[in-house]
Amino acid sequence: MAIIIKSDDEIAIMRQSGSIVAQTMQKLLAELRPGLVVKELDAIVRKEFVKHDVIPTFLGYAQPPYPATVCVSVNDEIVHGIPGRRVLQDGDVVSIDLGCTYKGFVADHAVTAIVGTAKPGMRELVDVTKGALDEGIKHLRPGNKLGEVSHAIGEYIESRGFGVVREYTGHGVGRAMHEDPQVPNFGPADRGPVLKKGMVLALEPMVTVGDWRTRQLDDKWTVSTMDGSWAAHFEHTIAVTDGDAVVLTVP
Ligand code: MF3
Ligand code: CO
């Protein structure tokens, strides 16, 4: 397992990649409303990515090839939802996951938002998931073990009574969307590689209101909670520096 160290120049490119993804994400979030057909979000991404001259990293990824430019996961869907004919309803909780490749470098970013009026408990789910990502970022410092990051994220979530998805993890990111190391959202603090300046990681806590166990739908992509409870997902692409980590997926 080799973790690829990025130069300052490479991180500068990744920051531009991250900026394009984050700007596009803001456009998508502004579109969320009851009545929106989810695949319209895919159309917006295609147009924006042509404008910025970036490659949609997700399109054609893996086997069977992912068929869209963005993942949209609604309510009990956790990640990898394929944008289709579904119509958003008031009180839906929607996770949007987006990646682009700019000058050969990938930025990976996810946000969860509520459409219209939140149902009871929904806002706390979203806030805890976002808070868990922020907690992980605080521990992303040179000299810390990666396990400290995973542990901090998992403790933050479980101490608030929510479930931590186990089967999917964060990851290194750079010239490939998924590089070493995997970054679980739980586990002991005294494990894993020591963090160094120039590592770039995608942290992405996936949180459930109920049980953390997942199932994959017949489309071979969409991952839902087994028990039908709501889920949320936040993700940033982040560089380890000499001091505080730097979030690259910001506008
Ligand atoms: N953020 C997701 C991940 O790290 C994006 C993958 S979606 C895919 O796995 F369609 F490209 F697989
Ligand atoms: Co990711």
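Along the sequence shown, residues are numbered consecutively beginning with 1. Just follow the structure's listing: the first ligand is 1, and inside any ligand the first atom is 1. None of the values given here were measured: they were computed from a predicted structure.
For His233 and Tyr168, the ring centers are positioned 6.0 Å apart or more.
Using a 4.0 Å cut-off to heavy atoms of His171, the atoms of ligand 1 that qualify are 4 (O). Remark: ligand 1 atoms within the under-4.0 Å shell around heavy atoms of Glu235 are 1 (N). Of all the atoms in ligand 1, the ones that sit under 4.0 Å from a non-hydrogen atom of His178 are 3 (C), 4 (O), 9 (O). In the vicinity of Asp97, heavy-atom distances shorter than 4.0 Å reach the ligand 1 atoms 1 (N), 2 (C), 5 (C). Near Met177, with a cut-off below 4.0 Å to any heavy atom, the atoms of ligand 1 are 6 (C), 11 (F).
A heavy-atom distance below 4.5 Å is not found between the side chains of Ile11 and Phe105. Cys71 places none of its side-chain heavy atoms less than 4.5 Å from the side chain of Val79.
Take a cut-off of 2.8 Å around the Co ion (ligand 2): the protein N, O or S atoms inside it are Asp108 OD2, His171 NE2, Glu204 OE2, Glu235 OE2.
In terms of protein heavy-atom proximity, atom 5 (C) of ligand 1 is closest to Phe58 CZ, 3.3 Å. Looking only at protein heavy atoms, the nearest one to atom 7 (S) of ligand 1 is Cys71 SG, 3.6 Å. Given atom 10 (F) of ligand 1, the protein heavy atom at minimum distance is Tyr66 CG, 3.0 Å.
Contact check on Glu135 versus Lys138 returns a salt bridge, with a Lys/Arg side-chain nitrogen under 4.0 Å from an Asp/Glu carboxylate oxygen. We find that Lys130 and Asp134 are joined by a salt bridge, their nearest charged nitrogen and carboxylate oxygen being less than 4.0 Å apart.
The backbone N or O of Gly172 sits nowhere less than 3.5 Å from a side-chain atom of Asp180 that would complete a donor-acceptor pair. Under a 3.5 Å cut-off, the side chain of Ser229 and the backbone N or O of Gly210 do form a donor-acceptor pair. Using modelled atom types, no side-chain atom of Trp212 and backbone atom of Glu167 make a donor-acceptor pair closer than 3.5 Å. Thr237 places no side-chain N or O within donor-acceptor distance of the main-chain N or O of Ala107, the cut-off being under 3.5 Å.
Below 3.5 Å of separation, one finds no N or O of Trp221 facing any N or O of ligand 1. An N or O contact shorter than 3.5 Å links Asp108 to ligand 1 by distance. Polar contact with ligand 1: present for Glu204 (N/O pair, distance under 3.5 Å).
The two residues Ile5 and Lys197 have their closest heavy-atom pair at CG2-O, 3.7 Å.
Screening Gln23, Arg15, Gln16 for a side-chain hydrogen bond (donor to acceptor under 3.5 Å, both in side chains) with Ser19, the sole residue that qualifies is Gln23.
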